[in-house]
> 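After the structure tokens below, expect a handful of questions from me.
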Amino acid sequence: MPDNDPEKGEQPQYNIGSTEEYILTEVEKHFILAAERGDLAGVKKIIDDNEGSPENFNINCVDPMNRSALISAIENENIDLIDLLLEKNIQVGDALLHAISEEYVEAVELLLQWEETHHKEGQPYSWEAIDASKATFTTDITPLILAAHRNNYEILKLLLDRGATLPMPHDVK
């Protein structure tokens with residue numbers, strides 16, 4: 001509901017909760033565009049040139065459609081860019097689910113390796129830790145379930161060989 005009184009000529013202000021709009025800096029706009037175009041050298045240069053200036057550049061920035069550079073690299077099947085972004089410590093979020101959805105096996109393998117080396121016992125996995133308001137997939141979707149939905153035997157085998165299991169369903173009441 002708007003807070004302001006329209007009779008006084010005030011513009012309505014809406015509270016949209018946790019989905020605050022973030023305005024990209026020029027550097028971030030160039031970074032996202034370079035990632036979407038698959039410009040590996042351009043992305044690397046932007047990251048290297050702006051590593052010490054968090055006020056100008058956040059590697060985890062997203063475009064208006066809530067896609068990070070990592071998601072763009074997965075959608076464009078650019079394994080070299082994915083590797084670079086992971087080396088530069090981009091937040092992974094639900095990138096594994098995106099790679100499975102795109103049926104991009106190389107990216108799935110790379111993200112599973114990343115998850116194995118970075119996951120801490122007792123902590124949620126990267127796709128589980130993402131804020132539900134920013135997630136593309138619902139919380140009940142696991143990598144194994146999504147691969148089964150996509151009917152992708154190769155990705156299913158990868159996940160099962162690495163010990164993926166289905167979560168225990170709740171009791172029937």
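We use all heavy atoms of the structure for the numbers below, so side chains are in, but hydrogens, waters and symmetry mates are not. Throughout, numbering of the chain's residues begins at 1 and tracks the sequence.
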> When clusters are formed by joining ILVMFWY residues with side-chain heavy atoms under 4.5 Å apart, either directly or through shared neighbours, do Leu33 and Ile46 land in the same one?
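Cluster IDs for Leu33 and Ile46 differ.
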> Is Ser126 close to Asp94 at the side-chain level, that is, under 4.5 Å between some pair of heavy atoms?
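Answer no - side chains too far apart.
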> Restricting to non-hydrogen atoms, name the atom on Ala73 and the atom on Leu85 that form the minimum distance, rounded to 0.1 Å.
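Taking every non-hydrogen atom into account, CB-CD1, 4.4 Å.
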> In Å and rounded to the nearest 0.5 Å, what is the CD to CG distance from Glu103 to Asn151?
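With rounding to 0.5 Å, CD (Glu103) is 8.5 Å from CG (Asn151).
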> How about Arg162: does its CZ atom have over 12 heavy atoms from other parts shown lying under 6.0 Å from it?
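Count over threshold, so yes.
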> State whether the side chain of Arg67 and the backbone N or O of Ser72 hold a donor-acceptor pair below 3.5 Å, judged by distance alone.
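No, because the side chain of Arg67 does not come within donor-acceptor range (under 3.5 Å) of the backbone of Ser72.
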> What are the two closest heavy atoms between Gly42 and Ala34, and how far apart are they?
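Residues Gly42 and Ala34, closest heavy atoms: C-CB, 4.5 Å.
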> Taking Asn76 for its side chain and Glu36 for its backbone only, find out whether a donor-acceptor pair lies under 3.5 Å.
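It does hold such a pair.
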> If you measure from CG on Leu156 to NE2 on His149, what distance do you get to the nearest 0.5 Å?
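Reported to 0.5 Å precision, the distance equals 10.5 Å.
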> Look only at the side chain of Asn152 and the backbone of Ile155, and say whether a donor-acceptor pair between them is shorter than 3.5 Å.
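Answer holds: yes.
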> Would you say that more than 12 heavy atoms from the other residues, nucleotides or ligands in this model lie under 6.0 Å from the NZ of Lys45, or not?
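Atom NZ in Lys45 is not crowded, with 12 or fewer foreign heavy atoms closer than 6.0 Å.
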> Rounded to the nearest 0.5 Å, how far apart are CD of Glu109 and CG of Leu158?
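One finds 5.0 Å between CD of Glu109 and CG of Leu158.
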> Less than 6.0 angstrom separating the ring centers of Tyr104 and His98, yes or no?
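Between Tyr104 and His98, the centre distance exceeds or equals 6.0 Å.
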> On a heavy-atom basis, which atom in Cys61 and which in Ile32 lie closest, and how many Å separate them?
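Nearest heavy atoms, Cys61 then Ile32: O-CD1, 3.6 Å.
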> Do any N or O atoms from the side chain of His119 and from the backbone of Glu115 form a donor-acceptor pair under 3.5 angstrom?
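Checking the backbone N and O of Glu115 against the side chain of His119, no donor-acceptor pair under 3.5 Å is found.
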> If you take all heavy atoms of Ile141 and Trp127, which pair is closest and at what distance?
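Smallest interatomic distance, heavy atoms only, reads O-CD1, 4.4 Å.
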> From Asn66 CG over to Thr136 OG1, what is the distance, rounded to the nearest 0.5 angstrom?
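Output value for this atom pair is 6.5 Å.
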> Flag yes if Ile90 and Val43 sit in one hydrophobic cluster, no otherwise; membership is Ile, Leu, Val, Met, Phe, Trp, Tyr, and two members link when side-chain heavy atoms are under 4.5 Å apart.
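Cluster IDs for Ile90 and Val43 match.
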> Would you sort out whether Gln91 and Leu70 count as a side chain to side chain contact (heavy atoms under 4.5 Å, CB included), showing the intermediate values?
CA-CA 9 Å; Gln91 288 178 353; Leu70 183 57; over 6 Å; no
> Taking Ile100 as the starting point, is it possible to reach Val92 by hopping between hydrophobic residues whose side chains are less than 4.5 Å apart?
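Per the 4.5 Å side-chain linkage, Val92 and Ile100 are co-clustered.
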> Find out whether Val27 and Asp49 are in side-chain contact, i.e. whether some heavy atom of one side chain is under 4.5 Å from a heavy atom of the other.
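Not in contact.
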> With the threshold set at 4.0 Å, does a side-chain nitrogen-carboxylate oxygen contact exist between Glu154 and Lys157?
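Salt bridge absent between Glu154 and Lys157.
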> Grab the two heavy atoms, one from Ser101 and one from Leu146, that are nearest each other, plus how far apart they are.
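Heavy-atom minimum between the residues: N-CD2, 3.9 Å.
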> Considering residues, nucleotides and ligands other than Phe137, do more than 12 of their heavy atoms fall under 6.0 Å from its CZ?
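Above 12, so yes.
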> Quick one: which of Leu110, Ile74, Leu112, Thr142 gives a side-chain contact (heavy atoms from CB on, under 4.5 Å) with Leu96?
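Between Leu96 and the candidates, side-chain contact (heavy atoms from CB on, under 4.5 Å) is satisfied uniquely by Leu112.
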> Is there a donor-acceptor pair under 3.5 Å between the side chain of Asn56 and the backbone N or O of Asn50?
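No, Asn56 side chain to Asn50 backbone: no donor-acceptor pair under 3.5 Å.
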> Counting only heavy atoms not in Glu51 (residues, nucleotides, ligands), do more than 12 fall under 6.0 Å from its CD?
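More than 12 within 6.0 Å, yes.
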> From Leu111 CG over to His118 NE2, what is the distance, rounded to the nearest 0.5 angstrom?
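That separation rounds to 11.5 Å.
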> Phe57 pairs by side-chain contact (heavy atoms from CB on, under 4.5 Å) with which of Leu24, Ile47, Thr25?
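One option only clears the test, and that one is Ile47.
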> For Ile145 and Asp140, work out which heavy atoms get closest and say how close.
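It is CD1-O, 3.6 Å.
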> Is there a path of hydrophobic side-chain contacts, each under 4.5 Å between heavy atoms of I, L, V, M, F, W or Y residues, that connects Ile130 with Tyr125?
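Ile130 does not cluster with Tyr125.
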> If you count heavy atoms of other groups shown closer than 6.0 angstrom to CG of Asp161, is the number above 12?
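Yes, enclosed.
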> Rounded to the nearest 0.5 Å, how far does CD1 of Ile59 lie from CD of Glu28?
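Spacing of CD (Glu28) from CD1 (Ile59) equals 11.0 Å.
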> Keeping Ser68 on the side-chain end and Val62 on the backbone end, is there a donor-acceptor pair under 3.5 Å?
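Checking the backbone N and O of Val62 against the side chain of Ser68, no donor-acceptor pair under 3.5 Å is found.
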